[in-house]
Amino acid sequence: MVGVITAVLAVCATVSVILVLGSDPARRARGESAGSPGSSGSPAATASSSGARPATPAAPSARALSVLPPPCGTARRATVNRLVPKAKVEQAANTTLATCTYSSAGTTSRWLRIENRIFDPIGGDNAAQTASGFFGAQWTRVREDPTVRIVSLKRQDGLGDEAYRAYKLDNGQPTVVGEVGIRWRNAVITVSYSGVAPNPADDAANERKYLTEATGVAREVLGALQ
């Protein structure tokens, strides 16, 4: 009688194991139970089957620029020829700063200067934050420059991450300057277009002309960086 009971218990145990493992050969080979990790009864699998969305890692920050383009390779040649005919070209560059100046002499003198900077992380700031700090300081320098008279200085939307436009008159000189500054990621672009303007030098038409042309060049430079 004892032998019969033992045999019955053994059969029941075998049936229980089969029911728990199911018909998946891989699971039977691993000896997994229904509640083991990776099985259909695990909490993760249950969440997926119920339609719950798994946690998504935070998106990485925008890639910082590490290399500057050639100093005079960001504005289109046709644009330069139109704004500064028969221009003399001067350029300089290192790993973080590139400048290009186009100039023409005579009664219709014109100057176009393009400056590109890139920034590395400093202290606890990332590269973009460092560039933003420089951009803010540049805004202050433009506003407080004692060598010029500021006719207008305004923040500009739609150019990079931050931008401003400034129209200035050189003190004691019949020279007007349209300047555009842009911060995009960890780069700061500064474009200045200047010339000898007919009097009155602060005429609204001159302001529109020089700011429009400087903005157009700045867009070309930004496109070259992007």
Side-chain angles (χ1 to χ4, degrees), residues 56-85 87-104 110-143 145 152-168 176-195 207-226:
T56 303
S61 58
R63 179 178 59 84
L65 279 72
S66 58
V67 179
L68 285 169
C72 296
T74 54
R76 298 188 182 99
R77 175 54 57 184
T79 301
V80 173
N81 290 341
R82 178 175 60 83
L83 297 181
V84 191
K88 176 184 176 181
V89 182
E90 297 180 2
Q91 58 183 310
N94 56 35
T95 57
T96 60
L97 171 63
T99 62
C100 181
T101 303
Y102 303 93
S103 60
S104 64
R110 295 287 186 273
W111 299 268
L112 175 64
R113 187 174 190 275
I114 300 170
E115 177 183 292
N116 293 316
R117 295 176 181 266
I118 56 175
F119 294 84
D120 295 324
I122 295 179
D125 291 342
N126 61 36
Q129 290 170 328
T130 303
S132 184
F134 178 89
F135 181 85
Q138 179 165 299
W139 162 277
T140 300
R141 286 194 299 271
V142 171
R143 184 183 61 196
D145 187 353
S152 64
L153 173 60
K154 299 177 182 178
R155 298 283 184 177
Q156 178 68 40
D157 295 330
L159 286 174
D161 298 314
E162 303 176 81
Y164 69 81
R165 302 204 314 168
Y167 182 63
K168 306 177 286 186
V176 298
V177 183
E179 179 176 307
V180 177
I182 300 173
R183 199 269 303 172
W184 180 67
R185 296 187 181 178
N186 65 315
V188 174
I189 301 164
T190 309
V191 173
S192 299
Y193 182 49
S194 58
E207 180 176 353
R208 286 193 301 272
K209 172 185 175 180
Y210 283 89
L211 283 179
T212 297
E213 300 292 12
T215 302
V217 174
R219 290 186 186 279
E220 292 184 10
V221 176
L222 179 59
L225 292 184
Q226 293 174 331

*For R76, does the CZ atom have more than 12 heavy-atom neighbours from other residues, nucleotides or ligands under 6.0 Å away?*
no
*For the pair N186 (side chain) and F119 (backbone), establish whether a donor and an acceptor sit closer than 3.5 Å, ignoring hydrogens and angles.*
yes
*Identify the two heavy atoms, one from I182 and one from G160, that lie closest to each other, and give their separation to 0.1 Å.*
CG2-CA, 4.0 Å
_As an exercise, state the distance from CG of N116 to SG of C100, rounded to the nearest 0.5 Å._
9.5 Å
*asked:* For the OG1 atom of T95 and the CG atom of L68, what is their distance to the nearest 0.5 Å?
replied: 8.0 Å
*Where the side chain of E162 meets the backbone of R183, is there a donor-acceptor pair that is under 3.5 Å apart?*
no
_Closest non-hydrogen atom pair between K154 and W139, with its separation_ = C-CZ3, 3.9 Å
_Within a 6.0 Å radius of atom CG on N94, are there more than 12 heavy atoms belonging to other residues, nucleotides or ligands?_
yes
*Kindly indicate, with the supporting measurements, whether the criterion side-chain contact (heavy atoms from CB on, under 4.5 Å) is fulfilled by L222 and T74.*
CA-CA 8 Å; L222 179 59; T74 54; over 6 Å; no
*A93 to P71 - nearest heavy-atom pair and separation*: CB-CG, 3.5 Å
*Within the distance-only criterion (no hydrogens, no angle test), does the side chain of E213 pair as donor or acceptor with the backbone N or O of Y210 below 3.5 angstrom?*
no
*Which is it for Q156 and V180 under the side-chain contact (heavy atoms from CB on, under 4.5 Å) test, yes or no, and what are the steps along the way?*
CA-CA 9 Å; Q156 178 68 40; V180 177; over 6 Å; no
*Under 3.5 Å: donor-acceptor pair, side chain of D161, backbone of R185*: yes
_OG on S103 to CZ on R113, rounded to 0.5 Å_ = 12.0 Å
*Looking at F134, does the NZ or CZ of R141 lie under 6.0 angstrom from its six-membered ring centre and within 45 degrees of the ring axis?*
yes
*Note, S66 side chain near I118 side chain (heavy atom, < 4.5 Å)*: no
*Looking only at atom types and distance, does a side-chain atom of Y193 sit under 3.5 Å from a main-chain N or O of L83, one as donor and one as acceptor?*
yes
*Do you know which two heavy atoms are closest between A75 and V217, and how far apart they sit?*
CB-CG1, 4.2 Å
*Return yes if some donor-acceptor pair links the side-chain N/O of S104 with the main-chain N/O of R110 below 3.5 Å, else return no.*
yes
*Can you tell me how far the CG atom of L65 sits from the CZ atom of R117, to the nearest 0.5 Å?*
15.0 Å
*So which heavy atom on S152 is nearest to which on L211, and how close?*
OG-CD1, 4.2 Å
*Which heavy-atom pair separates A214 from G178 by the least distance, and what is that distance?*
CB-O, 3.5 Å
*CA sep, side-chain torsions, deciding dist, call: V177, W111, side-chain contact (heavy atoms from CB on, under 4.5 Å)*: CA-CA 9 Å; V177 183; W111 299 268; over 6 Å; no
_By the definition side-chain contact (heavy atoms from CB on, under 4.5 Å), identify the one residue from E207, R208, E179, K209 that meets it with Y167._
E207
*What is the distance from atom CG of D145 to atom CG of L153, rounded to the nearest 0.5 Å?*
11.0 Å
*Counting distance only, does the side-chain N/O of S132 pair as donor-acceptor with the main-chain N or O of A128 below 3.5 Å?*
no
*In Å and rounded to the nearest 0.5 Å, what is the CZ to CG distance from R82 to L112?*
10.5 Å
